[in-house]
Each structure stands twice: as structure tokens, then as C-alpha cells.
Protein chains: 2
Amino acid sequence: MSTTAAEKRRLILDAAVRVFARQGFHTCRVSDIADEAGVAYGLVYHYFSSKEQMLDTLFLERWDVMLAAIAETDESDRAPREKLHAVASFIIDSYRHDPDVMKVIIVEVTRAANTFGRTHLAKIRDAYDSIAGIVAAGQRSGEFDDAITPQFAAQAFYGSVEQVLTGWIFDAAPVDERAYERAKTMIVELICDGLRRR
Amino acid sequence: MSTTAAEKRRLILDAAVRVFARQGFHTCRVSDIADEAGVAYGLVYHYFSSKEQMLDTLFLERWDVMLAAIAETDESDRAPREKLHAVASFIIDSYRHDPDVMKVIIVEVTRAANTFGRTHLAKIRDAYDSIAGIVAAGQRSGEFDDAITPQFAAQAFYGSVEQVLTGWIFDAAPVDERAYERAKTMIVELICDGLRRR
DNA sequence: TGCGGTTGACTGACTCGTCAATCGAGGGAG
DNA sequence: CTCCCTCGATTGACGAGTCAGTCAACCGCA
């Protein structure tokens, strides 16, 4: 055979991402996913136990990669400001590389954490905590002022990134390549230096 | 009769807000709303043409109030920084006054704008534009540096506010009164001054 | 008596997840 | 080399349940 079981599973999961991104998790049918994958309806249930499990899988798969990337960044010996740039970079590049996955994660998971398992909430908080850790380190080293709590700075930082992605997702504005880099630097500049006149 | 038609409509809409907030728009049933309002199932359809129309109504009702408040703030002759504080204040106080409405707006509308009418998208953009206008005025007057585009600053500002609200919504952390005021000042300080050591 | 407000059983449409049937690659026997 | 057997992969029709929206009947005030 030309495709292994793992490849078939991937095929279906990738189709699910496209369908979730296009129609939304709640409004799409499992048959839409099967059609998109070019596969029989029942086969979806051979590889996944439910529609929701597909969403869980694709979220955890990507989010864990992100958590690992943030952790790795945090362990490097760069300056806090550069660590924040690296984190923003990773998230934005994730979107650049695969907009659909990020769209689904932001629209269907991150913001609907109440209707889904509380597991996801903990994962999301892990990300905040890592970012807050970077800020706290910056405050201890004297690079950052400590008027702002690290937890709050993390929320604002992540919220800014997510809002930028949301703009790209919904406004469907054709984004040229430089826009990604500009967004990264603006986020870091705004969070670190603010709007204050320099 | 003791209740007018308008009051009955309000009764049902308020019940819908509570149910949407508790169970989510997609997972709740119209019968849940009727039960919550203490009203027969069919009566809901006497006042609203569909479940979705209830969501539209409650969003527009509140969002228009917010747009008006932002516009009024913008027309005052306060400093840009204080205008931003006023805007953050209004949004956060909206949550303090009625958490359920803001929860529904953020979770079900703001983030699901693709599945619903494009009308909402335009309304949401109006808010960004107003905030961006405040920032642009600050840049012209020299109070703000213009390294950051107003549009981007608006996204970051609104994103920060929304992320703080999201934290309150999902973490269900008991929020004491001072937390609201602290959040307002931290948002304005972070956006205007950044994390830079002062 | 007339009419707007109100009721809730009912219908029609839809979809998740199941399952019995089928397919086909690989391997063992003749 | 061929036959056929096995077993996991694959199919899609179907059962069971859900729920939005309809509607004919009812109520009670003016």
C-alpha cells in the first residue's frame, strides 16, 4: 500500500483543519471532513473517536510545540527583550506557515475554553506563565521596571499578538511578507517601550 | 397587565444572555432560554425571529453604546493618554456591571465573526478606528512617538483589554473591586510607557 | 366579542456515531 | 506461479436522538 495508517490519520486531521477553518467547528459536519479528505464517512471514526477529539488533537499537537519553543527560548541566555521577540516570532511564523491551524486554535479553542475540557485552560495558562517568567527575569535584572506585574504583561503581550492574528484572520487582507516582520518588531517595541515619545 | 411588550422582550433577551454565558450559544437550546425566562417556548419566537437574532440584538445593543462612549470621549479635550484610560475604563466597567453580556460578546461574537454576518465585523472595526484615531492625535500633538502605527496600537490596546477580560471570564478567579482599577491603570501604563525602566 | 399575547405539542430536517458488509494487500500452501 | 485465506482498512446506509421553528388553540383584558 502507498499510505500507512499514520499517513491516513494525518490526511484526515489535515482535512479537519481546513474544514474547521472554513466553516467553524460547530457548523461543519463530520461528512464535510470525510469529503474534504476524500474518504468514506465511517473511516473518520476508525481513526478518531469523535469530532471533538479531532479538535483536541490538533490543538494539543500544535500548542505543545509552541510551549516547547517558548521553553527553549527561555533557557537561552539572550536578553528578555529578545526572548519576547523570539516568542512573538514563533507564534507569527506559525500563522505564516499554516494560517488554518492557528485560525482554528484561536477561534475555536483559545476562546471557547469554557465549553471544552478544562485541560486546555491549563495548557493555555502554561504559555502565559512562561511569558510572565521572561518578564519577571527582566525585572530582576533591572532591564524592566516592575510597575507592571509579570502576569499582566504576559496577558497584554499575548493579547496583542492574538489580536494581530485575529485581524489577519477576519479582515482577509492580503498580507505581504514584510507585514509579518513589521508586526513582530512593533509588538516588542510597544510592549517594551510603549508609545512614549523617545 | 403589569408588563408591557417591550418589558417582556427585555425579559427574554436578558434570559438569553444568562443562558448564552452559561452554556454557550451553540450548545444551548432555545427551550433553555424559554425556561430561564419563565416563558413558553413559542413566545420566544413571538419576539425574536431566530436564536441568532437574539445574539445579534444583544451584541449590537451593547456595542453601539460602547462606540458612542468612545466617540464622546474622543470629542472631549483631554490628553490622549487620558482618553485611552477612559476607553479602558468603559470596557472594564461594562464587564464589572454585567459580566455575562461581555462574556457573550467576547466569546460568541467578537471571535466568531466569520460564521456570523459580516455586519459585526464592520462594527468591530469601527471601534478599532476610533481608538486608532486617539493614538494618531497623540502622535500629531507630539505626546506619542510615531514608530508604532495607530492601527497597530489600537489592536494591541484592545487585545490587551480583551485578554484581561478573558482571564477573568475563564479563570473564574474571584475579582476584588480594586483589581478593576489596577487593570485599567496597568493597561494604560503598559501601552503608553511600556516595560522600559523609568 | 375581538384581539394581541401566550402556550406547548408537534413536525421536519439534520447529524452523530454504529455496524455489517466489502475490499484488497500480503503471505502461506499446493 | 497461482489460489485462497486472513485480517485490518474502508465503505456508506441506517438507527437514534436532537432541536429549531411552526401553528392551532387558548386566555384574559378592553
With sequence neighbours left out, the residues meeting salt bridge (Lys or Arg N to Asp or Glu O under 4.0 Å) with A:Asp14 are A:Arg10

List for me each residue that meets ring-ring contact (aromatic ring centres under 6.0 Å, His included) alongside B:Tyr95, sequence neighbours excluded, and say none if there are none. B:Trp168

Output every pair passing side-chain hydrogen bond (donor to acceptor under 3.5 Å, both in side chains) with a member in residues 148-157 of chain B, not counting sequence neighbours, ordered by first then second residue. none

Between atom CZ in B:Arg9 and atom P in C:dG4, what is the gap in whole Å? 18 Å

Applying salt bridge (Lys or Arg N to Asp or Glu O under 4.0 Å), name anything that partners A:Arg125, two or more places apart in sequence or on another chain. B:Asp171

Output the rounded distance in Å from OH (A:Tyr41) to C1' (C:dT22). 20 Å

Without placing hydrogens or testing angles, list every side-chain donor-acceptor pair under 3.5 Å for residues 63-73 of chain B, not counting sequence neighbours.
unit_1, atom_1, unit_2, atom_2, d
B:Trp63, NE1, B:Lys123, O, 3.0
B:Asp64, OD1, B:Lys123, NZ, 2.8
B:Thr73, OG1, B:Ala69, O, 2.9

Counting N and O atoms only, with roles assigned by atom type, does the side chain of B:Lys103 sit under 3.5 Å from a partner on the main chain of B:Leu165, one being a donor and the other an acceptor? no

Residue pairs, two or more places apart or on separate chains, that pass salt bridge (charged side-chain N to carboxylate O under 4.0 Å, His left out) and touch residues 82-98 of chain B: B:Asp74-B:Lys83, B:Asp93-B:Arg96, B:Asp93-B:Lys184, B:Arg96-B:Glu177, B:Arg96-B:Glu181

Would you mind reading off the distance between A:Glu52 atom CD and C:dT15 atom P, rounded to a whole angstrom? 18 Å

In whole Å, what is the span from the CD atom of A:Gln53 to the C1' atom of C:dC16? 15 Å

Please state how far atom CG in B:Leu11 lies from atom C1' in C:dG5, giving the value in whole angstrom units. 14 Å

Contacting residues from residues 29-40 of chain B, given that a heavy atom lies under 4.0 angstrom of DNA chain D: B:Arg29, B:Val30

Sequence-distant partners of B:Arg29, salt bridge (Lys or Arg N to Asp or Glu O under 4.0 Å), two or more places apart: B:Asp32

Counting only non-hydrogen atoms, which of residues 42-51 of chain B are less than 4.0 Å from DNA chain C? B:Gly42, B:Leu43, B:His46, B:Tyr47

